[in-house]
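Just below is one structure, and these are the notes that go with it.
Numbering of ligands and ligand atoms starts at 1, following listing order. Just so we're clear, the structure is a prediction, and the values are computed from it rather than from any experiment. Starting from 1, each residue takes its place in the sequence as its number.
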Amino acid sequence: MASTSPRIPHHVAIVMDGNGRWATRRFLPRVAGHKQGVESLRRCVKACADRGVGVLTVFAFSSENWNRPVEEVSGLMELMVGALAREVPRLSKDGVRLRFVGERAGLSPKMVKGLVDAEEATAHNTRMQLNVCFNYGGRWDIAKAAAKLAAQGEPITEASLDRAMALAHVPDPDLFIRTGGEQRLSNFLLWQSAYAELFFSAKLWPEFDEAALDEAIAAFQGRERRFGQTSAQVSAPQGLTA
Ligand code: IPE
Ligand code: IPE
Ligand code: MG
């Protein structure tokens with residue numbers, strides 16, 4: 001096995017950050033940045049599928065984003081409902097299976113129906129999985145999984161927690177990208193990113209294009225993933241290490 005990873009990451013996770021700044025720099029309302037962010041996501045989904053990424057998980061709205069001004073929150077909710085109606089047929093045509101990950105209590109009935117319908121409409125697709133984390137927080141995910149196990153009287157272990165969490169249907173992310181220049185996790189996939197390779201892009205999310213994605217993938221391919229082992233162990237041909 002080579003010491004680096006000259007292959008496409010199977011699971012890419014992205015904190016799509018920088019929409020507000022993109023808009024503000026253009027003297028536009030912040031919601032215009034979020035609208036442009038949807039365009040960027042459409043481009044990114046296609047680029048990931050074309051490159052052979054198996055799972056793409058994106059952070060669209062965090063548990064903490066409710067604390068933003070009311071107009072921005074309602075603008076984001078409206079945008080989501082509109083985007084669902086528009087994008088689902090295209091995603092389905094492209095073989096993308098959509099799942100929404102996050103707390104649904106607190107979302108409008110119209111929104112919840114939109115999420116459920118989109119999941120059902122794309123459930124048979126197998127080319128790529130797209131997880132949209134909406135009203136999601138890593139701490140929410142861990143606490144909810146623990147509460148579920150406790151209610152069932154099940155022992156809390158790493159394996160049982162893993163199975164009870166929101167992304168139990170996919171392996172852990174290989175590559176974790178954050179756009180917008182900040183170098184923090186902001187409560188995204190705290191549990192699942194234990195061994196993800198982190199990549200921080202200075203590009204604002206609406207500007208994150210194919211070349212930026214390729215840059216992140218190239219950085220990933222240059223990393224040596226050791227999972228606690230030594231470099232000699234992971235670079236030795238399989239079967240030769242003790
Ligand atoms: C990310 O962009 C999108 C959401 C959080 C919904 P931001 O809105 O955080 O953009 P900046 O960070 O203010 O530029
Ligand atoms: C993280 O971005 C959430 C999403 C991209 C949906 P934020 O803009 O909310 O993160 P902070 O507040 O800068 O940490
Ligand atoms: Mg931000």
Side-chain angles (χ1 to χ4, degrees), residues 11-45 47-48 55-84 86-87 98-108 111-112 114-115 118 130-144 165-167 173 175-193 196-209 212-213 216:
H11 184 175
V12 176
I14 308 184
V15 178
M16 308 184 290
D17 195 25
N19 295 346
R21 279 164 284 167
W22 183 90
T24 304
R25 283 178 197 174
R26 286 162 179 76
F27 306 101
L28 295 169
R30 289 177 59 87
V31 170
H34 297 312
K35 217 169 154 193
Q36 198 60 36
V38 177
E39 302 297 315
S40 195
L41 178 57
R42 184 188 305 127
R43 178 168 62 183
C44 185
V45 168
C48 283
V55 185
L56 174 63
T57 301
V58 296
F59 205 6
F61 190 84
S62 77
S63 315
E64 290 75 29
N65 287 147
W66 291 106
N67 297 322
R68 293 193 176 194
V70 192
E71 327 73 82
E72 182 165 348
V73 172
S74 56
L76 279 162
M77 296 296 153
E78 272 170 39
L79 197 61
M80 183 67 172
V81 173
L84 280 172
R86 265 195 331 274
E87 304 296 330
L98 195 53
R99 278 193 183 89
F100 291 92
V101 174
E103 180 57 66
R104 294 191 182 185
L107 301 180
S108 73
M111 164 84 83
V112 174
L115 304 185
L130 172 61
N131 300 307
V132 176
C133 295
F134 195 85
N135 199 12
Y136 174 87
R139 290 178 174 179
W140 165 85
D141 196 1
I142 297 167
K144 189 159 178 275
M165 295 229 288
L167 284 182
L175 172 60
F176 181 117
I177 300 171
R178 182 176 183 138
T179 64
E182 314 294 354
Q183 303 196 356
R184 55 177 171 255
L185 306 181
S186 298
N187 201 13
F188 191 42
L189 304 181
L190 298 181
W191 173 273
Q192 297 86 346
S193 297
E197 294 297 330
L198 306 181
F199 183 84
F200 298 103
S201 168
K203 279 202 188 299
L204 303 175
W205 175 247
E207 297 166 341
F208 192 82
D209 55 9
L213 176 69

Look at [atom] and say which protein heavy atom is nearest, naming residue and atom and giving the distance to 0.1 Å.
atom                    : answer
atom 14 (O) of ligand 2 : Ser186 OG, 2.5 Å
atom 1 (C) of ligand 1  : Met16 O, 3.0 Å
atom 7 (P) of ligand 2  : Arg68 NH2, 3.7 Å

Is it the side chain, the backbone, both or neither of Phe61 that has a heavy atom closer than 4.0 Å to ligand 2?
-> backbone
Taking non-hydrogen atoms only, is His34 closer than 4.0 angstrom to ligand 2 via side chain, backbone, both or neither?
-> neither
Taking the six-membered ring for Trp, are Phe59 and Phe188 parallel (under 30°), tilted (30 to 60°) or perpendicular (over 60°)?
-> parallel
Tyr136 vs Trp140 aromatic rings, parallel, tilted or perpendicular, using cut-offs 30° and 60°?
-> perpendicular
Can you find a pair of side-chain heavy atoms, one from [X] and one from [Y], that are under 4.5 Å apart?
X      : Y      : answer
Met111 : Leu115 : yes
Arg68  : Arg30  : yes
Leu76  : Phe61  : yes
Trp205 : Leu41  : yes
Met80  : Val132 : yes

Does Gly180 come within less than 4.0 angstrom of ligand 1, counting non-hydrogen atoms of the residue?
-> no
Close approach, Ala60 and ligand 1, non-hydrogen under 4.0 angstrom = yes
What is the name of the N/O/S atom in Asp17 that sits closest to the Mg ion (ligand 3)?
-> OD1
Got a sec: does the CZ of Arg104 have more than 12 other heavy atoms crowding it under 6.0 Å?
-> yes
Counting each atom of ligand 1 from 1 as listed, which ones have a heavy atom of Asp17 under 4.0 Å away?
-> 1 (C), 2 (O), 7 (P), 9 (O), 10 (O), 11 (P), 12 (O)
With a cut-off of 4.0 Å, which atoms of ligand 1 are near a heavy atom of Arg21?
-> 11 (P), 12 (O), 14 (O)
Under-4.0 Å protein heavy-atom contact, atom 12 (O) of ligand 2 | no
Touching ligand 2 at all, Glu182? Heavy atoms, strictly under 4.0 Å?
-> no
Numbering the atoms of ligand 2 from 1, which are under 4.0 Å from a heavy atom of Arg184?
-> 11 (P), 13 (O), 14 (O)
Taking only non-hydrogen atoms of Val15 and a 4.0 Å limit, the atoms of ligand 2 in range are 1 (C), 5 (C)
Do any nitrogen or oxygen atoms of Arg30 come within less than 3.5 Å of a nitrogen or oxygen of ligand 1?
-> yes
Would you say ligand 1 has an N or O under 3.5 Å from any N or O of Gly20?
-> yes
Heavy-atom pair of closest approach, residues [X] and [Y]:
X      : Y      : result
Ala13  : Leu189 : CB-CD1, 3.6 Å
Ala23  : Pro29  : CB-O, 3.3 Å
Lys203 : Phe208 : CD-CA, 4.2 Å

Side chain, backbone, both or neither: Asn65 near ligand 1, heavy atoms under 4.0 Å | side chain
Just wondering, is there an N, O or S atom on Glu182 that's nearer than 2.8 Å to the Mg ion (ligand 3)?
-> no
